[in-house]
S.K.: 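Below are the structure tokens for one structure; questions will follow.
Just so you know, ligand 1 is whichever comes first in the structure, and atom 1 is the first atom listed for that ligand. For clarity, every value in this text was computed on a predicted model and none was experimentally measured.
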Amino acid sequence: MIDLHCHSHFSDGLHSPEALATLASQQSLRVLALTDHDSIEGWAEMARFTAAQGIQFIPGIEFSTRWKKHDIHILGLRLQSCADLLAALEIQQARRKERALQIGDLLAQIGIQDAYQACCARDSASQIGRLHYARLLVERGLVQDQQSAFTRYLGRGKPAYVPTDWIGVDEAVAVIRAAGGVPVVAHPLKYGLTRTKLIELLKFFKEAGGMGMEVVSGIMQSHEIMAMATMARQLDLLASSGSDFHGKGLSRLSLGCQPPLPSGCKPVWQLWDIEQQGSV
Ligand code: AMP
Ligand code: MN
Ligand code: MN
Ligand code: MN
């Protein structure tokens with residue numbers, strides 16, 4: 001099995017790279033990418049611990065980007081650190097920090113005090129994102145679950161939503177290509193785009209040098225997977241597959257449990273030196 005999308009505690013995942021590598025080994029994964037949000041801090045540990053488990057490690061990233069008024073996530077797979085990548089990460093991290101403080105201020109305005117400080121004290125993560133705030137709001141009993149934290153406080157248009165000037169989709173694609181990586185549109189069905197808009201996004205992405213899209217991402221229905229497979233084929237994009245795993249116990253999702261890619265897809269890992277054995 002192959003999993004090309006997951007998060008460690010260096011962004012908003014719960015586990016260390018070591019714990020992820022152990023879990024990956026328990027699930028008999030052959031290949032695992034770490035794709036933290038706007039961060040490559042987990043790469044070194046992940047390389048070490050996957051090697052110890054005999055798992056092939058794919059260094060990755062999940063960039064937050066803007067396209068029109070939408071927040072779009074662009075994965076970079078099998079990239080190498082370079083000056084362009086480090087410069088883009090510095091910009092994104094500064095915006096994340098500024099946004100985290102603004103979210104804390106907005107929450108304070110509606111009577112939720114010291115949220116930023118509480119997130120920093122609880123999470124050793126070097127970045128505080130919306131999922132950290134969502135966990136805090138659940139812990140404080142203000143919402144029942146993380147999803148409600150987004151629908152009531154943190155999602156677009158809600159009281160603690162901060163529109164952020166992320167880099168553009170085309171800029172993320174250029175940086176990933178400069179770093180020798182493969183740009184992939186993450187979870188295409190999670191943006192609330194109409195079919196027409198999604199195709200427009202994918203065409204823009206491809207013209208900018210984009211190469212693939214997630215056909216299988218987290219928990220999807222089989223008709224959704226088929227629709228994404230058809231779209232990838234029609235637009236001649238490579239197909240990727242990832243769990244978007246953030247931690248044990250958060251949902252019934254685990255590392256590397258995705259259903260196989262439909263036939264007719266061109267798997268993104270065909271670009272790499274990976275044996276075509278087993279499922280996926
Ligand atoms: P951020 O990158 O800090 O804006 O946080 C977005 C992250 O929050 C996503 O990567 C998911 O891990 C998580 N998340 C969970 N539910 C939602 C939701 N309904 N809307 C947006 N993000 C969500
Ligand atoms: Mn996340
Ligand atoms: Mn995402
Ligand atoms: Mn993700």
S.K.: Which residue and non-hydrogen atom of the protein lie closest to atom 7 (C) of ligand 1, and at what distance in Å?
M.R.: D12 OD2, 3.7 Å
S.K.: Would you mind running through ligand 1 and noting each atom that sits below 4.0 Å from a heavy atom of L131?
M.R.: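 Close to L131: 12 (O), 13 (C).
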S.K.: Tell me which part of Q146 gets within contact of ligand 1: side chain, backbone, both or neither, using heavy atoms under 4.0 Å.
M.R.: neither
S.K.: Based purely on interatomic distance, does H37 place a nitrogen or oxygen under 3.5 Å from a nitrogen or oxygen of ligand 1?
M.R.: yes
S.K.: Give me the residue, atom name and distance of the protein heavy atom closest to atom 12 (O) of ligand 1.
M.R.: H246 NE2, 2.9 Å
S.K.: Will you find, in the side chains of D12 and H132, an N or O donor that is under 3.5 Å from an N or O acceptor?
M.R.: no
S.K.: How far is atom 19 (N) of ligand 1 from its nearest protein heavy atom, and which residue and atom name does that atom have?
M.R.: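 For atom 19 (N) of ligand 1, the nearest protein heavy atom is Q147 NE2, 2.9 Å.
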S.K.: Using the rule that two of Ile, Leu, Val, Met, Phe, Trp, Tyr join whenever any of their side-chain heavy atoms come within less than 4.5 Å, decide whether M211 and V184 are in one cluster.
M.R.: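 Linked, M211 and V184 end up in one cluster.
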S.K.: Treating Ile, Leu, Val, Met, Phe, Trp and Tyr as nodes and any side-chain heavy-atom pair under 4.5 angstrom as an edge, say whether L154 and I110 lie in one connected cluster.
M.R.: yes
S.K.: Check all N, O or S atoms of H73 and name the one closest to the Mn ion (ligand 3).
M.R.: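 Nearest N/O/S atom: ND1.
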S.K.: If you look at E62, which of its N/O/S atoms is nearest to the Mn ion (ligand 3)?
M.R.: OE2
S.K.: Flag yes if W272 and I61 sit in one hydrophobic cluster, no otherwise; membership is Ile, Leu, Val, Met, Phe, Trp, Tyr, and two members link when side-chain heavy atoms are under 4.5 Å apart.
M.R.: yes
S.K.: Need the atom name: nearest N/O/S atom of H187 to the Mn ion (ligand 3).
M.R.: NE2
S.K.: Just wondering, are more than 12 heavy atoms of other shown residues or ligands nearer than 6.0 Å to CD in E200?
M.R.: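 Atom CD in E200 is crowded, with more than 12 foreign heavy atoms closer than 6.0 Å.
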S.K.: Might you work through the side chain to side chain donor-acceptor pair (under 3.5 Å) test for S243 and D3, ending with a clear yes or no?
M.R.: CA-CA 6 Å; S243 62; D3 191 335; 2.6 Å; yes
S.K.: Taking 2.8 Å as the cut-off, does H37 contribute an N, O or S atom near the Mn ion (ligand 3), distance below it?
M.R.: no
S.K.: Got an N, O or S from C6 under 2.8 Å of the Mn ion (ligand 4)?
M.R.: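 Here the distance criterion (N, O or S atom, under 2.8 Å) is not met by C6, so no.
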S.K.: Could you tell me the residue and atom name of the protein heavy atom closest to atom 15 (C) of ligand 1, and the distance to it rounded to 0.1 Å?
M.R.: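 Result: F150 CE1, 3.4 Å.
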S.K.: Determine whether more than 12 heavy atoms belonging to other residues, nucleotides or ligands lie under 6.0 Å from atom NZ of K266.
M.R.: no
S.K.: Flag the pair H7 / H9 as yes when their ring centroid distance falls below 6.0 Å, and as no otherwise.
M.R.: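 No, the ring centres sit 6.0 Å or more apart.
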S.K.: Tell me, please, if H7 has any N/O/S atom, main chain or side chain, under 2.8 Å from the Mn ion (ligand 4)?
M.R.: yes
S.K.: Keeping Q127 on the side-chain end and S11 on the backbone end, is there a donor-acceptor pair under 3.5 Å?
M.R.: no
S.K.: Under 3.5 Å between any N/O of H73 and any N/O of ligand 1: does that happen in this structure?
M.R.: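 N/O-N/O distance below 3.5 Å does not exist for this pair.
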S.K.: Quick one: does any side-chain atom of Y191 pair with a main-chain N or O of H73 as donor and acceptor, under 3.5 Å?
M.R.: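 Yes.
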S.K.: Would you check whether R96 reaches within less than 4.0 Å of ligand 1, judged by its heavy atoms?
M.R.: yes
S.K.: For I2, is there any backbone N or O sitting under 3.5 Å from a side-chain donor or acceptor partner on Q258?
M.R.: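 Yes.
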S.K.: With carbon and hydrogen excluded and only N/O/S kept, which atom of H5 is nearest the Mn ion (ligand 4)?
M.R.: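 Output for this pair reads NE2.
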S.K.: Which atom name would you report as the N, O or S atom of D244 nearest the Mn ion (ligand 4)?
M.R.: OD1
S.K.: Just going by heavy-atom distances, which of R156, H132, R130 is nearest to atom 5 (O) of ligand 1?
M.R.: R130
S.K.: May I ask you to list the atoms of ligand 1 that are less than 4.0 angstrom from any heavy atom of G129?
M.R.: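 Once the distances to G129 are compared, the set is 3 (O).
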S.K.: Check H7 against ligand 1 and report side chain, backbone, both or neither, counting heavy atoms closer than 4.0 Å.
M.R.: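 For H7, there is no contact with ligand 1 at all, from either part.
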S.K.: In the protein, what heavy atom is nearest to atom 1 (P) of ligand 1, and what distance, to one decimal place, separates them?
M.R.: R99 NH2, 3.4 Å
S.K.: Does only the side chain of D71 get under 4.0 Å from ligand 1, or the backbone, or both, or neither? Count heavy atoms.
M.R.: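 Within the 4.0 Å criterion, D71 makes no contact with ligand 1.
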S.K.: Testing R96, H37, R99, R95 one by one against S64 for a side chain to side chain donor-acceptor pair (under 3.5 Å), which residue passes?
M.R.: R96
S.K.: Just wondering, are more than 12 heavy atoms of other shown residues or ligands nearer than 6.0 Å to CD in E90?
M.R.: no
